[in-house]
J.: 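Let me give you the structure first, and then I'll get to my questions.
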Amino acid sequence: MLEFFDCHCYFGIPPAPIFRISRTAQELRAEMEFCGIGRALVYHAAMHSFDSPLVGNDLLLEEITGHPELQPTRAILPTQTDEQPDASRLFEQMKERGIRALWAFPGDHHYLLNRDTFGSLFDALGEKRVPMFVFADVVQIGELLKSYPELTVVAACPGPVPLDRYFRPLVERYRNFFIETSCYMVAEGIESFCERYGPARLLFGTGYPANYMGSAMLRLAQSGIDEASKQAIASGNLERLLSEVRI
Amino acid sequence: MKNLSPIAREYMEKGRSAACPLIDMHGHFGPYGAFYLPGAPTDRMRKTMERCGVMRIICSSHSALMGDPARGNAFMQQVIDSYPQQFLGYCVINPNYPKLAAEAIASFPTMRGFVGFKFLPEYHAYPVTDPGYVPALEYADEHRLLILVHTWGGTRCNSPSQLAEVAARYSNATFLMGHSGYGEWEVSVKAAHDLPNVLLELTAVYAADNFALLSFCPEWRGRASVPGINGIIEYMVERAGSRKIVFGTDLPWYDPHYAAGAILFSHIEDEDRHNILHRNAERLLERFPLITPLSIM
């Protein structure tokens, strides 16, 4: 059986109702155990949507205390509005708090994901190899990569419609661009992607509770690729990315 | 893994189950211009079905839906004739071309392996409640056929309430609510609960609909996103009952394992899983003279 390290899941109450959620870290762990997922890189619902990273970033750390299987992330905001520390302070805080990945939700938090907004901060993130998960459309992600070609960017939930024509050119052009699999549900998508690029650019993600954990799990576990590639996607690629962070 | 379902475990270990195969009630065939579908070539689609334990799939061809229905339906017939153990068909009706629709209905008795009709009202810009569909509806009602209707919440042409309105008038036809009226869950589930001849069909239901992330695609601009669907299977089972739900994938769009994974890892009983994944479909199909009968090993 594969060892799964979920790069995209969250707990907490979202603003719009979802039938079944995990309100607490404990409940998320229970769902992970039900499905057989050992570890997760998580965020709190309060970091996304219309609550605020100013609330959610700290709430996450508080609530995952005692759950070593849940690894923290941080949602970013622009620095010009004094809601986000500058690069050196950000890295200090990340190091103190064991955070090795960031999230950007530009659509919900209403900012532009570009050099005008983030200036040299994203250059610094690129140098430090900090992966940034981006919940934005593929066109915006392409523009971001154009401005910051060395930034490690993970496209969160590119789907559910098949978007390979949009993101494969980005895979070819930007060596630090990755796709997480929570919405990569096109039939033979993982197989044809790996045939062309190998497994290294895919990260296992469930998108829970937007999606069922079991969907991405079964999709990967029984995909038509070799076992080593499956395990790389299931956890190895994410472990590698996080191990390369230099803060 | 604490999921005690032996079916879930079997799928995770082997990718398929002889005792609980998949019967896909909502498939397509052929390439599709809007997206790259790596699984579209025939050999690849059959390989996917083999990998995922899909015993049978009922398809409408993309050509029939998006182009000339006569040519596309004829092409689907060739596929069925070539692979009768795997493929069955829906005859596509496009009411914008009443002469073609009439010819399709007239030729239906000679079509082999077709179990009913496919309606795509939204894409054809023709409300399912409008008169152009009446000849097909009357025929399906008379002959107790299946009608797979594409539905989606908040749409002008194929909302779940529109589907319910039509289904109530043609009680001898069986209506599969394609995509379960995505997003208007309460209305859809009530229709399936209240109307004996309506079933919920699950294609795409198991995926959050991030239309906000698809604003660069003109056809989805302005659609509201559904933030998440985790728990929807449990909701449908609780409110409509698992006997009113069928499995579908839009294959070659979506991988059957992605779809099945949602059902296998939802918090329902294995009897419900059997119903959804194959038993309800078997019950619907047993009345049709299939080229190759269904058989569960």
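Note on naming: letters A, B, ... go to the chains in the order of the sequence lines (proteins, then strands), and numbering restarts at 1 for each one. Since this is a predicted model, take the numbers as computed values, not measurements.
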J.: Looking at A/C35, A/G38, A/A216, which makes the most heavy-atom pairs under 4.5 Å with chain B?
T.: A/C35
J.: The criterion is salt bridge (charged side-chain N to carboxylate O under 4.0 Å, His left out); which residues satisfy it with A/E239, sequence neighbours excluded?
T.: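 A/E239: salt bridge (charged side-chain N to carboxylate O under 4.0 Å, His left out) contacts with A/R39.
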J.: If you take all heavy atoms of B/Y36 and A/R168, which pair is closest and at what distance?
T.: CE2-NH2, 3.7 Å
J.: Within a 6.0 Å radius of atom NE2 on B/H193, are there more than 12 heavy atoms belonging to other residues, nucleotides or ligands?
T.: no
J.: Measure A/P17 against the heavy atoms of chain B and call it side chain, backbone, both or neither at under 4.5 Å.
T.: backbone
J.: Report the relative orientation of the aromatic rings in A/F34 and B/H267; use parallel for angles under 30°, tilted for 30 to 60°, perpendicular for over 60°.
T.: parallel
J.: Check B/L37 against A/P162 and note the closest heavy-atom contact, atom names and distance.
T.: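 Nearest pair, atom of B/L37 first, then A/P162: CD2-CG, 3.8 Å.
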J.: I'd like to know if the side chain of A/E33 and the backbone of B/M1 have a donor-acceptor N/O pair within less than 3.5 Å.
T.: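 No; zero donor-acceptor contacts below 3.5 Å.
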J.: Decide yes or no on side-chain contact (heavy atoms from CB on, under 4.5 Å) for A/L220 and B/Y258, but give the supporting numbers first.
T.: CA-CA 9 Å; A/L220 177 61; B/Y258 190 99; over 6 Å; no
J.: Which donor-acceptor pairs under 3.5 Å do the side chains of residues 181-189 of chain A make with protein atoms, sequence neighbours left out?
T.:
{"from": "A/T181", "atom 1": "OG1", "to": "A/G205", "atom 2": "N", "distance (Å)": "3.1"}
{"from": "A/T181", "atom 1": "OG1", "to": "A/G205", "atom 2": "O", "distance (Å)": "3.4"}
{"from": "A/S182", "atom 1": "OG", "to": "A/E180", "atom 2": "OE1", "distance (Å)": "3.0"}
{"from": "A/S182", "atom 1": "OG", "to": "A/E180", "atom 2": "OE2", "distance (Å)": "2.8"}
{"from": "A/Y184", "atom 1": "OH", "to": "A/D164", "atom 2": "OD2", "distance (Å)": "2.5"}
{"from": "A/Y184", "atom 1": "OH", "to": "A/G189", "atom 2": "O", "distance (Å)": "3.2"}
{"from": "A/E188", "atom 1": "OE1", "to": "B/R44", "atom 2": "NE", "distance (Å)": "3.3"}
{"from": "A/E188", "atom 1": "OE2", "to": "B/T48", "atom 2": "OG1", "distance (Å)": "2.7"}
{"from": "A/E188", "atom 1": "OE2", "to": "B/R51", "atom 2": "NH2", "distance (Å)": "2.9"}

J.: Under 4.5 Å, counting heavy-atom pairs only, tell me which of B/A260, B/P38, B/P252 racks up the most with chain A.
T.: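 Answer, by heavy-atom pair count under 4.5 Å with chain A: B/P38.
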J.: Can you measure from CG (B/N3) to CE (A/M217) and round to the nearest 0.5 angstrom?
T.: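 B/N3 CG to A/M217 CE: 8.5 Å, rounded to 0.5 Å.
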J.: Minimum heavy-atom separation for A/L218 to B/H257, with atom names?
T.: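 Here A/L218 and B/H257 meet closest at CD2-O, 3.5 Å.
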J.: Can you check whether anything in residues 191-203 of chain A gets within less than 4.5 Å of chain B, heavy-atom wise, and list it by number?
T.: A/E191, A/S192, A/E195
J.: Could you tell me whether A/R165 atom CZ has more than 12 heavy atoms of other residues or ligands within 6.0 Å of it?
T.: yes
J.: Enter the distance from A/T206:OG1 to B/F265:CZ here, rounded to the nearest 0.5 Å.
T.: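 So the gap between those two atoms works out to 12.0 Å.
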J.: Taking atom CE of A/M1 and atom CD of B/E13, what is their separation to the nearest 0.5 Å?
T.: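 With rounding to 0.5 Å, CE (A/M1) is 5.5 Å from CD (B/E13).
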J.: Do you know which of B/A262, B/G39, B/S266 has the most heavy-atom pairs with chain A at a distance under 4.5 angstrom?
T.: B/A262
J.: Among residues 228-245 of chain B, which residues come closer than 4.5 Å to chain A, judged by heavy atom distances?
T.: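 The stretch touches chain A at B/G228, B/I229, B/N230, B/G231, B/I232, B/I233, B/E234, B/Y235.
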